[in-house]
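For reference, the structure discussed in these notes is given below.
Residue numbers count from 1 along this sequence. Read the numbers this way: they start at 1 and go in the same order the structure lists the ligands and their atoms.
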Amino acid sequence: MIKVHEIKRSIDEDESILLNRLAKKLNIKKEDIISYEIIKESIDARKKPDIYLVYELAVSLKNEEEFLKKHKDYQEYIKPECIFNITGDIKIKRPVIVGSGPAGLFAAYLLAELGYKPIVIERGEPVEERIKTVNKFWETGKLNTNSNVQFGEGGAGTFSDGKLNTMVKDSIRQRKVFETFVEHGGDANILYKNKPHIGTDKLVNIISSMRNKIISLGGEYLFNTQLTDLIIKDNKLVGVQVNNSEVINTDICILAIGHSARDTFYMLNKYLEMTSKPFAVGLRIMHPQVEINKAQYGIEESKILGNADYKLTHQCKNGKGVYTFCMCPGGYVVNASSEENRLAVNGMSNHDRNSGIANSAVVVQVSKEDYGDNLFDGLEFQRKLEEKAYKIGNGNIPISLYEDYKNNSVSKEFKTIKPEIKGQFSFANLNEIFPDNINESLKEGIESFGNKIPIFNDGDSILAGVEPRTSSPIHINRDDNLESNIKGLYPCGEGAGYAGGITSAAIDGIRVVESIISRYTYK
Ligand SMILES: Cc1cc2nc3c(=O)[nH]c(=O)nc-3n(C[C@H](O)[C@H](O)[C@H](O)COP(=O)(O)OP(=O)(O)OC[C@H]3O[C@@H](n4cnc5c(N)ncnc54)[C@H](O)[C@@H]3O)c2cc1C
């Protein structure tokens with residue numbers, strides 16, 4: 001197959017036009033094209049409302065060798081493929097994986113595929129039970145601190161938009177992640193869309209299907225099972241303690257606990273080298289999705305394009321950076337709390353992204369200057385913001401119209417926009433959550449985003465607080481083998497500071513397994 005770039009079609013043209021465009025571009029007859037495969041599809045909206053889909057294609061030709069000899073500017077297409085070789089020679093007991101979020105799930109999946117029989121321990125419930133618990137929490141406010149939007153099978157990204165784009169450039173491992181999602185029920189188009197997304201409703205089935213495959217290969221899951229201590233001898237891991245009692249003997253443990261396992265971070269501090277790391281905090285903002293579509297595409301809706309997203313940044317006068325984060329087209333703001341008397345929000349969408357409301361977090365970077373120098377100062381800063389949010393909302397998600405947040409007052413009623421929120425909510429003065437410099441930065445950011453998307457700073461837009469968990473406040477050190485200062489213990493994924501989303505966490509899970517299998521052999 002040969003690789004062909006820059007084949008375009010307008011959104012009003014049928015996909016069949018691609019064959020004609022290919023033949024024209026390659027200067028050959030249509031009949032000489034055996035087949036083609038889409039490698040990448042992106043959207044060109046620079047001349048909106050005239051919008052184009054731009055393709056990179058892998059094309060199979062009747063006389064390919066001859067064509068490539070004649071046309072040196074075209075190259076053969078080599079499909080990215082992940083091949084894993086077990087080269088290690090050390091006998092190990094069954095590896096234990098703590099956490100079944102994307103990092104732990106992909107580590108377990110790969111270990112199971114390669115013949116290791118991993119034991120996955122997860123403090124929360126299996127995804128089928130977890131869905132019921134989370135829905136009950138959204139309806140009644142009754143929180144299960146071990147099984148919620150952050151904790152439980154599938155990890156933090158289970159109730160999410162399922163955006164899969166990542167800043168990590170690792171096309172081979174990324175392909176492994178996406179192919180695995182497709183094998184377990186994800187849309188095949190995630191293999192080539194520029195901004196692939198899955199959606200909560202599809203993710204839950206993918207997660208349980210992956211679990212079933214791991215179990216069918218000899219892996220084991222222990223739910224409602226929390227890592228509570230490590231058993232270490234001579235600086236080497238020999239076992240893990242769970243639920244404050246039972247010990248599982250192992251000499252390999254992948255620690256994929258996510259950014260919300262605050263109690264576990266405190267326990268790990270007895271043994272591991274850790275540092276604090278900066279993150280960002282802010283509020284979710286809701287707008288009508290059609291207004292976002294008009295601003296981004298120049299049209300209210302398009303089946304082919306789906307609902308539009310955005311990514312906005314602003315440098316404040318006070319030196320702080322403000323940006324939008326985790327935008328959920330046609331989504332919901334969700335109560336994503338995991339600790340009693342503390343409240344955190346986040347966003348999710350279903351596969352069809354059709355709630356009618358767009359939401360994203362508007363967040364401002366914070367660092368030691370904002371919260372202090374000690375290891376857990378950032379984590380405790382997050383907790384304090386969550387306590388304030390809980391208090392001002394009387395246990396519900398505190399919300400406000402943007403104009404009232406700007407004017408330091410409490411809203412009385414919604415105006416032109418009705419919110420889409422999973423969880424109970426109450427009007428409150430959101431200024432009370434943050435120190436003044438953060439409120440100023442958020443307001444300056446929202447005003448500046450109004451220059452890019454006109455609806456953005458509309459006074460009727462609805463804000464919800466607080467979003468303090470944009471990334472982990474902790475970094476767990478690891479060496480070139482991705483191992484911590486304790487032999488056999490591998491910090492992994494977002495909680496350890498090595499990922500910032502579903503795909504990058506999954507990729508990190510794969511990288512850690514590669515490091516293990518190149519030095520240890522399972523017997
Ligand atoms: C509502 C929401 C929406 C999001 N939307 C997106 C999105 O659209 N796209 C995207 O890329 N990212 C999104 N994210 C972020 C993404 O989910 C995370 O980056 C990703 O899940 C991190 O993966 P992880 O495996 O490192 O950790 P996690 O997914 O956090 O998984 C950690 C797991 O460890 C378990 N655990 C913790 N402590 C223990 C313990 N002591 N013992 C046993 N188990 C333990 C937890 O229960 C959890 O299941 C979203 C997050 C949330 C909360």
Which of parallel (below 30°), tilted (30 to 60°) and perpendicular (above 60°) describes F456 and F449?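 Ring orientation of F456 relative to F449: perpendicular.
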Output yes when R478 and E483 qualify as a salt bridge under the 4.0 Å nitrogen-oxygen rule, no when they do not.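 Answer for the salt bridge query: no.
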Salt bridge check: are E139 and K136 linked by an N-O gap of less than 4.0 Å?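 No, no charged N to carboxylate O under 4.0 Å.
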[X] versus ligand 1: do any nitrogen or oxygen atoms come within less than 3.5 Å of each other?
X: G162; answer: yes
X: H259; answer: no
X: V149; answer: no
X: G495; answer: no
X: V334; answer: no
X: K163; answer: yes
X: G500; answer: no
X: F151; answer: no
X: I502; answer: yes
X: A103; answer: yes

What's the shortest distance from [atom] to any protein heavy atom, and which residue and atom give it?
atom: atom 34 (O) of ligand 1; value: G99 CA, 3.2 Å
atom: atom 51 (C) of ligand 1; value: A156 O, 3.5 Å
atom: atom 44 (N) of ligand 1; value: R123 N, 3.2 Å
atom: atom 22 (C) of ligand 1; value: E494 OE1, 3.4 Å
atom: atom 5 (N) of ligand 1; value: S160 CB, 3.0 Å

Answer with side chain, backbone, both or neither: which part of [X] has a heavy atom less than 4.0 angstrom from an atom of ligand 1?
X: V98; result: side chain
X: T225; result: backbone
X: C326; result: side chain
X: P102; result: both
X: T264; result: side chain

Show the atoms of ligand 1 that are less than 4.0 angstrom away from any heavy atom in [X].
X: D161; answer: 8 (O)
X: G347; answer: 1 (C), 2 (C), 3 (C)
X: G258; answer: 27 (O), 28 (P), 30 (O), 32 (C)
X: F159; answer: 1 (C), 2 (C), 3 (C)

Protein contact for atom 14 (N) of ligand 1 (heavy atom, distance under 4.0 Å): no
Quick check against the 3.5 Å criterion: does E122 have a side-chain atom that pairs as donor or acceptor with the backbone of S100? yes
Examine the side chains of [X] and [Y] and answer whether a donor and an acceptor come within less than 3.5 Å of each other.
X: S42; Y: N194; value: no
X: D309; Y: H197; value: no
X: Q241; Y: T228; value: yes
X: N335; Y: S337; value: yes

Answer yes or no: is there a side-chain heavy-atom contact under 4.5 Å between E125 and F223? no
In the structure I gave you, are the side-chain heavy atoms of I292 and P329 within less than 4.5 Å of one another anywhere?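 No - every pair of side-chain heavy atoms lies 4.5 Å or more apart.
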For ligand 1, is there an atom lying under 4.0 Å from some heavy atom of A256?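 The answer is yes, since A256 has a heavy atom less than 4.0 Å from ligand 1.
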Please determine whether any non-hydrogen atom of E122 lies less than 4.0 Å from an atom of ligand 1. yes
Out of the candidates E386, H259, E494, Q382, only one should pair with R469 under the side-chain hydrogen bond (donor to acceptor under 3.5 Å, both in side chains) rule; please name it. E386
Would [X] and [Y] count as a close aromatic pair, with their ring centres under 6.0 Å?
X: F265; Y: F376; result: no
X: F178; Y: Y192; result: no
X: F279; Y: Y371; result: yes

Are there more than 12 heavy atoms of other residues, nucleotides or ligands under 6.0 Å from atom CD of E128?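 More than 12 heavy atoms, drawn from other residues, nucleotides or ligands, come within 6.0 Å of this atom.
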